[in-house]
Q: 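Pasting a structure below so you can have a look.
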Amino acid sequence: MSIRVEKTFAALFALEDLREIYRGSLPTGLDADEEQAFRAKIADLKSLIADLESDRGTPRPSKIAGTLDVRAREEQFINIHPIQAAGRLTPAARKALISYGDGYSTCDFCRKPFRLDKITRPGIAAFHADLAKFVNMDQARVVPGARRGFQAVTSTLVGKGDPVIVSALAHYTEFLAVEEAGGVVKEVPLDAGHHVTADATAAKIEDVQRETGKTPALVMIDHYDYQFANEHDVRGIAKVAHQYDIPFLYNGAYTVGVMPVDGKAIGADFVVGSGHKSMASVAPSGVLATTDEWASSVLRTTAMVGDVTSRKFGIKEVEMLGCTLMGGTLLSMMASFPTVEERTLRWDEEVKKSNFFIDSLLAITGSQVLSEYPRKHTLTKVDTTGSFDTVARTHKRRGFYFSDELSKRGIVGEFAGATRTWKLNTYGLSWKQIHYLADAFTEIADTYGLPRTR
Ligand SMILES: Cc1ncc(COP(=O)(O)O)c(C=O)c1O
């Protein structure tokens with residue numbers, strides 16, 4: 001396939017545009033080979049579009065061993081899956097993915113200096129500057145998931161046997177990043193409300209110093225944790241870390257891309273975000289941002305020289321292993337970015353919707369919220385053992401009855417059969433959908449005669 005044909009397709013990636021093309025007109029001035037290549041590609045896309053259209057009804061088994069069904073979860077259902085909500089692609093990202101799905105498709109115009117974040121066409125360099133500004137840090141890099149951001153930092157700062165402070169609610173990927181660097185995780189215990197406090201962090205640092213004779217190499221705390229999505233005092237904790245001269249990594253997996261994040265105001269030395277969790281991007285994607293002070297170490301370039309060939313690759317950054325996201329992952333992040341920037345300004349409304357739903361759930365007697373309440377986030381851990389699960393004890397479908405009832409009403413995303421203590425996320429639902437969701441839970445309660453307070 002000639003580059004010219006590929007480029008023409010790239011420019012016309014919207015399915016609507018493609019429909020126009022294959023109805024008749026080909027671009028003018030194609031030579032015979034190009035025309036043949038173009039027609040072949042159109043034929044492929046025609047069959048893709050036909051597949052997509054025929055799948056718009058109920059999902060049907062895929063031709064590839066039933067594992068690749070075309071997903072249509074947001075178009076057809078209300079999806080309350082706990083970790084998918086804010087990672088769902090925008091229409092712009094879906095189009096970018098079609099256009100830039102090929103590996104290395106960001107590299108067409110890679111010119112000296114040969115590095116991903118320097119490419120100006122498409123505007124990857126400008127996007128990196130925007131990303132840094134977005135979280136108010138000096139420099140940013142895209143990484144294959146938040147976990148690779150942790151890894152870059154731990155691999156730079158943590159030596160063998162070095163203690164690293166994390167929260168007792170830290171994500172497992174933080175543990176792995178520390179382990180890989182040879183460090184040792186030290187968890188800050190939680191208070192009664194499942195919060196990590198600045199005081200508890202200071203106490204833990206003191207304990208570690210006393211027990212190991214070492215000052216921790218890093219403090220790494222999630223602004224909102226993955227278990228309860230409770231807010232933790234990251235500013236207070238960053239301040240404590242700095243009092244002991246320890247760098248602070250802010251884990252914004254549940255914040256960067258959904259709410260405003262100001263890394264400098266927080267006092268973060270590193271801000272890490274997850275593209276597929278919170279930035280409407282393809283997996284695996286994420287961001288690592290840092291200050292100019294730390295960039296020289298975490299974003300250091302290679303000094304390695306080939307002993308036989310004397311080759312050098314000076315511009316490549318060691319922790320990034322050179323370039324990172326080279327196709328649809330990055331372009332999906334870029335395509336979603338304007339929407340993502342804008343939506344962070346509407347976070348308060350998202351939290352209101354979350355509280356509206358949770359309030360209506362709490363009106364069903366026996367339901368509890370295990371996360372802090374009122375909610376400050378759209379991800380919430382609930383306990384319905386005392387409400388919906390009382391029905392499961394005698395229902396012939398056991399716990400699955402509840403999922404049956406939800407899916408009958410077009411609601412998906414819970415783990416079927418695992419709905420005693422469970423998590424859900426209302427992010428991105430419209431008010432209309434939130435009302436529908438709340439009414440659906442109430443209706444299920446009424447169907448089974450569960451008492452309500454209102
Ligand atoms: C709090 C938290 N941090 C980090 C991660 C890892 O993010 P990623 O999948 O982008 O590596 C997750 C993923 O679930 C998470 O919940």
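Every number for a ligand or one of its atoms is a count from 1 in the order of the listing. Any value given below was found using the heavy atoms of this structure, including those in side chains, with hydrogens, waters and symmetry copies removed.
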Q: With atoms numbered from 1 as shown, which atoms in ligand 1 lie under 4.0 angstrom from a non-hydrogen atom of Thr173?
A: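 In order of number, 4 (C), 5 (C), 6 (C).
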Q: Can you confirm whether Ile358 sits close enough to Thr426 that some side-chain heavy atom of one is under 4.5 Å from a side-chain heavy atom of the other?
A: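 Sidechains of Thr426 and Ile358: no contact.
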Q: Closer than 4.0 Å to some heavy atom of Asp222 - which atoms of ligand 1 meet that?
A: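 Reading through ligand 1 atom by atom, the close ones are 1 (C).
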Q: Looking at Arg141, Arg148, Arg300, which one forms a salt bridge (charged side-chain N to carboxylate O under 4.0 Å, His left out) with Glu319?
A: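 Among Arg141, Arg148, Arg300, the one meeting salt bridge (charged side-chain N to carboxylate O under 4.0 Å, His left out) with Glu319 is Arg300.
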Q: Is the shortest N/O to N/O distance between His171 and ligand 1 below 3.5 Å?
A: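 Among all N and O atoms of His171, at least one is under 3.5 Å from an N or O of ligand 1.
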Q: Judged by modelled atom types alone, do Ser274 and Tyr254 share a side-chain donor-acceptor pair under 3.5 Å?
A: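 Not at all, the side chains of Ser274 and Tyr254 share no donor-acceptor pair under 3.5 Å.
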Q: Does the ring centre of Phe357 sit less than 6.0 Å away from the ring centre of Phe441?
A: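 Phe441 vs Phe357: aromatic centres under 6.0 Å.
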Q: Are Phe356 and His435 near enough that their ring centres are under 6.0 Å apart?
A: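 When the ring centroids of Phe356 and His435 are compared, they turn out to be within the sub-6.0 Å range.
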Q: Would you call Val208 and Ile165 a side-chain contact if the rule is heavy atoms closer than 4.5 Å?
A: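 Yes - at least one pair of side-chain heavy atoms lies under 4.5 Å apart.
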Q: Strictly under 6.0 Å, is that where the ring centroids of Phe415 and Trp422 end up?
A: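 So the answer is no for these two rings.
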Q: Examine Ser274 against ligand 1 and note whether any of their N/O atoms are separated by less than 3.5 Å.
A: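 Between Ser274 and ligand 1 (N or O atoms, distance only) the closest approach is under 3.5 Å.
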Q: Should the proximity of Asn251 to ligand 1, defined as any heavy atom under 4.0 Å, be assigned to the side chain, the backbone, both, or neither?
A: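 Only the side chain of Asn251 comes within reach of ligand 1.
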Q: Among Lys277, His276, Gln151, which one has a heavy atom closest to atom 9 (O) of ligand 1?
A: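 Minimum heavy-atom distance to atom 9 (O) of ligand 1 goes to His276.
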Q: Specify the protein heavy atom at minimum distance from atom 7 (O) of ligand 1: its residue, its atom name, and the distance to 0.1 Å.
A: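 Of the protein heavy atoms, Ala146 CB, 3.5 Å lies nearest.
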Q: Say whether Ile83 and ligand 1 are in contact under the criterion: heavy-atom distance to a ligand atom below 4.0 Å.
A: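 No; Ile83 lies far enough from ligand 1 that no heavy-atom distance drops under 4.0 Å.
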Q: Do ligand 1 and Arg147 have nitrogen or oxygen atoms that lie under 3.5 Å from each other?
A: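 Yes, there is a polar N/O contact under 3.5 Å.
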Q: Short list, please: which atoms of ligand 1 are under 4.0 Å from a heavy atom of Gly145?
A: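 Result: 10 (O), 11 (O).
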